[in-house]
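Not measured: the values here are computed from a predicted model. Just the heavy atoms: all of them, side chains too, but no hydrogens, waters or symmetry mates, feed the values below.
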Amino acid sequence: MGTVIVAVIVAALVGLVVYKLIKDKKAGKGSCSCGDGCGSCLNACHCHPHK
């Protein structure tokens, strides 16, 4: 029974993380941690698309 409870808690946490990522993406917030100094960042085109 303990395993089921832990699995439900872990699934809920994963669901909340995914929800937050989707919500942030829709709000235009990126997950880039390069501090806007993206000249050498390999994912600059994904973090800061041209407008």
Side-chain angles (χ1 to χ4, degrees):
M1 185 66 171
T3 304
V4 173
I5 294 171
V6 171
V8 169
I9 292 171
V10 170
L13 290 174
V14 170
L16 288 172
V17 169
V18 170
Y19 172 76
K20 173 116 174 70
L21 289 172
I22 292 171
K23 184 178 172 186
D24 286 350
K25 181 72 173 178
K26 286 183 179 180
K29 297 178 185 175
S31 60
C32 186
S33 62
C34 59
D36 292 330
C38 294
S40 61
C41 180
L42 296 175
N43 291 319
C45 61
H46 299 292
C47 290
H48 308 285
H50 293 96
K51 296 181 180 179

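- The stretch residues 6-16 participates, sequence neighbours left out, in no side-chain hydrogen bond (donor to acceptor under 3.5 Å, both in side chains) pair at all.
- Here Ile22 pairs with Val18, Lys26 under the side chain to side chain contact (heavy atoms under 4.5 Å, CB included) rule; sequence neighbours left out.
- For Ile9, the side chain to side chain contact (heavy atoms under 4.5 Å, CB included) partners are Ile5, Leu13, not counting sequence neighbours.
- Within the structure, side-chain hydrogen bond (donor to acceptor under 3.5 Å, both in side chains) contacts touching residues 9-22 (residues at least two apart or in different chains) are Lys20-Asp24.
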